[in-house]
Q: 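Just passing along the structure, written as structure tokens.
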Amino acid sequence: MKLWGGRFSKATDALVDDFNSSIRFDARMYKQDIRGSMAHAEMLGKQGIIPELDAALIVKTLGEILQDIEDGKVEFLIDAEDIHMNIETILIDRIGDVGKRLHTGRSRNDQVALDLRLYLRDECDRLADMIKDTMQVLLDVAEENTDTIMPGYTHLQKAQPVTLAHHVMAYFQMFSRDLGRLKDARKRINVMPLGSGALAGTTYPLDRAFVAEKLGFDAITGNSMDGVSDRDFAIEFMSVISMLMMHLSRFCEELVLWSSHEFSFVEMDDSYSTGSSIMPQKKNPDVAELIRGKTGRVYGDLMALLTTMKGLPLAYNKDMQEDKEAVFDALDTATLCLPVFTNMVKTMKIRKAVMRKGATGGFTNATDVADYLVKKGVPFRSSHGIVGRMVAKAVETNRDLDEFTIEEFKEFSELIEEDIYEAIDVSTCVAERNIPGGPAKEQVLAEIEKGKALLNA
Ligand code: ARG
């Protein structure tokens with residue numbers, strides 16, 4: 001019979017058992033469920049709500065069950081519905097009436113909220129470590145490429161020269177914000193809901209603060225109805241992962257472009273590329289593409305839970321059981337993508353000469369010609385116009401700006417002298433952008449140092 005079967009005269013249809021059950025996907029929370037139950041039982045004993053000896057036996061038996069699960073000796077049952085009732089059933093099988101005291105003053109509604117919070121709290125820490133590994137590799141790439149000049153783009157049109165270090169450190173910034181968001185989400189995850197009961201709290205004198213402290217929570221929830229029906233924390237966690245995936249995906253998109261024949265800025269290591277079953281010459285950036293693709297899937301997970309929650313009246317509704325597949329899928333996807341991304345970046349070959357060559361064509365130094373005139377007293381808007389006309393002539397005659405002779409330059413402005421060539425060399429273009437946050441080596445090195453400090457903190 002079901003643990004809740006008292007008022008029923010018929011068994012659940014097998015189809016419904018299957019449909020209703022969440023054990024397939026919530027079994028992974030067994031450790032959190034048991035930890036939560038141990039704390040709850042200990043508190044019940046301490047408060048004299050159940051005999052202390054019973055509490056002790058419950059705690060001890062739960063410990064044994066945990067060990068048996070880890071040893072692969074336990075088989076969960078579909079008709080025990082979910083991880084909570086599976087474990088409670090095993091407990092009762094082992095110690096009978098004493099086990100039946102565990103669920104005093106508790107509902108699965110506050111229990112599942114507790115388990116998921118405990119689970120996601122631990123995952124926040126694990127994910128943060130993985131993000132830090134990614135950031136470390138970005139720092140390494142940046143450190144080796146502070147002099148690797150490459151074109152910077154806007155509208156995917158060549159814009160101004162930067163360095164690969166500067167480009168990569170842009171992603172470092174994104175991932176450090178992801179870390180910050182994760183830490184922030186963790187604060188709202190780490191609040192203890194037990195004591196909310198089914199929705200209206202409980203009549204027993206539970207010591208909620210004791211349970212919170214035992215389980216390492218920073219606070220307890222302040223409203224029992226919210227305590228059982230809040231899934232903001234899971235949604236927030238998924239939105240953090242979504243944004244993380246967006247960052248991975250943007251970099252992957254660039255790597256797909258950069259590894260194309262047209263760009264040839266990088267070459268993926270053979271161990272991080274795949275071939276074609278028909279075209280013998282192919283070497284495809286499947287890894288980068290798949291990470292980009294899986295980003296859509298994580299967004300889907302986020303949307304799924306947002307949509308599930310949008311019409312739910314207070315308090316708990318069974319719809320909320322759908323939270324777990326979405327949140328676990330998002331988590332598993334990020335967990336899968338991060339190390340693959342990190343190693344792909346770590347192993348790829350960077351073609352510095354091609355990058356530099358890419359930085360020189362396409363008038364990436366046009367702004368610097370304009371700035372040259374500004375330094376000689378021409379108002380910027382006027383110098384912009386002058387250089388625009390130069391570019392038009394260069395396009396017409398199929399040249400770069402630094403291919404003009406000094407006489408040709410002077411046709412546009414008498415102020416231009418021999419030093420123009422030095423002033424608009426791509427190396428100068430980068431070096432002169434020596435402003436905090438800019439691409440000049442000194443600035444990027446300063447950011448790399450800050451990055452190292454952040455990772456070592
Ligand atoms: N498996 C359920 C879930 O994931 C646990 C809570 C069930 N509560 C209930 N009243 N049916 O949400």
Side-chain angles (χ1 to χ4, degrees), residues 1-8 10-37 39-40 69 74 76-92 100 102-123 189 191-202 221 223-238 301 304-332:
M1 195 173 73
K2 296 272 194 292
L3 289 181
W4 40 251
R7 65 103 77 204
F8 289 80
K10 261 187 175 177
T12 321
D13 190 278
L15 271 180
V16 174
D17 263 342
D18 205 33
F19 181 68
N20 201 36
S21 163
S22 54
I23 190 65
R24 273 193 329 279
F25 47 83
D26 65 18
R28 67 158 86 187
M29 301 194 301
Y30 70 87
K31 218 183 279 172
Q32 289 74 18
D33 195 77
I34 289 176
R35 260 164 78 198
S37 288
H40 181 67
I69 295 172
V74 172
F76 294 127
L77 303 173
I78 296 271
D79 26 312
E81 215 175 301
D82 52 28
I83 188 61
H84 327 296
M85 290 206 297
N86 264 278
I87 288 174
E88 197 182 335
T89 303
I90 298 167
L91 182 74
I92 293 168
K100 290 183 185 171
L102 169 64
H103 210 51
T104 313
R106 188 177 71 171
S107 156
R108 273 185 298 154
N109 297 352
D110 54 358
Q111 188 179 357
V112 71
L114 177 89
D115 292 5
L116 192 57
R117 285 173 181 274
L118 280 173
Y119 191 90
L120 295 185
R121 183 184 76 188
D122 294 348
E123 292 300 307
I189 289 173
V191 183
M192 210 286 299
L194 277 194
S196 301
L199 78 162
T202 176
T221 53
N223 178 292
S224 62
M225 295 179 81
D226 184 51
V228 290
S229 67
D230 166 28
R231 290 297 179 274
D232 296 6
F233 68 91
I235 293 173
E236 195 177 348
F237 179 74
M238 275 196 272
D301 293 327
L305 188 54
L306 277 170
T307 311
T308 296
M309 293 303 293
K310 80 183 251 298
L312 297 189
L314 294 184
Y316 178 83
N317 300 269
K318 186 75 173 204
D319 314 45
M320 289 158 66
Q321 178 167 286
E322 291 287 309
D323 59 358
K324 281 170 280 301
E325 280 170 293
V327 83
F328 294 153
D329 186 69
L331 177 64
D332 292 347

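Hydrogens, waters and symmetry mates are skipped; everything else that's a heavy atom, side chains included, is used. Order of appearance sets the numbers: ligands from 1, and atoms from 1 within every ligand.
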Q: With a 4.5 Å limit on heavy-atom distance, are the side chains of Met309 and Leu312 in contact?
A: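 Answer yes - side chains close enough.
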
Q: Given side chains that start at C-beta, do those of Gln32 and Asp122 come closer than 4.5 Å, heavy atoms only?
A: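 With C-beta onward as the side chain, the pair touches.
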
Q: Between Arg117 and Asp230 (salt bridge meaning N to carboxylate O under 4.0 Å), is one present in this structure?
A: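 Yes.
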
Q: Do the side chains of Asp82 and Lys324 get close enough for a salt bridge, i.e. N-O under 4.0 angstrom?
A: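 Salt bridge absent between Asp82 and Lys324.
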
Q: Tell me every residue that passes side-chain hydrogen bond (donor to acceptor under 3.5 Å, both in side chains) with Lys31, counting only those two or more places apart in sequence or in another chain.
A: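 If we apply the side-chain hydrogen bond (donor to acceptor under 3.5 Å, both in side chains) test to Lys31, skipping adjacent residues, there are no hits.
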
Q: Tell me, which residues have any heavy atom less than 4.0 Å from some atom of ligand 1?
A: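 These residues qualify: Ser22, Asp82, His84, Arg108, Asn109, Val112, Tyr316, Gln321, Lys324.
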
Q: Checking the side chain of Ser224 only, and the main-chain atoms of Leu199 only, is there a donor and an acceptor separated by less than 3.5 Å?
A: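 Answer holds: yes.
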
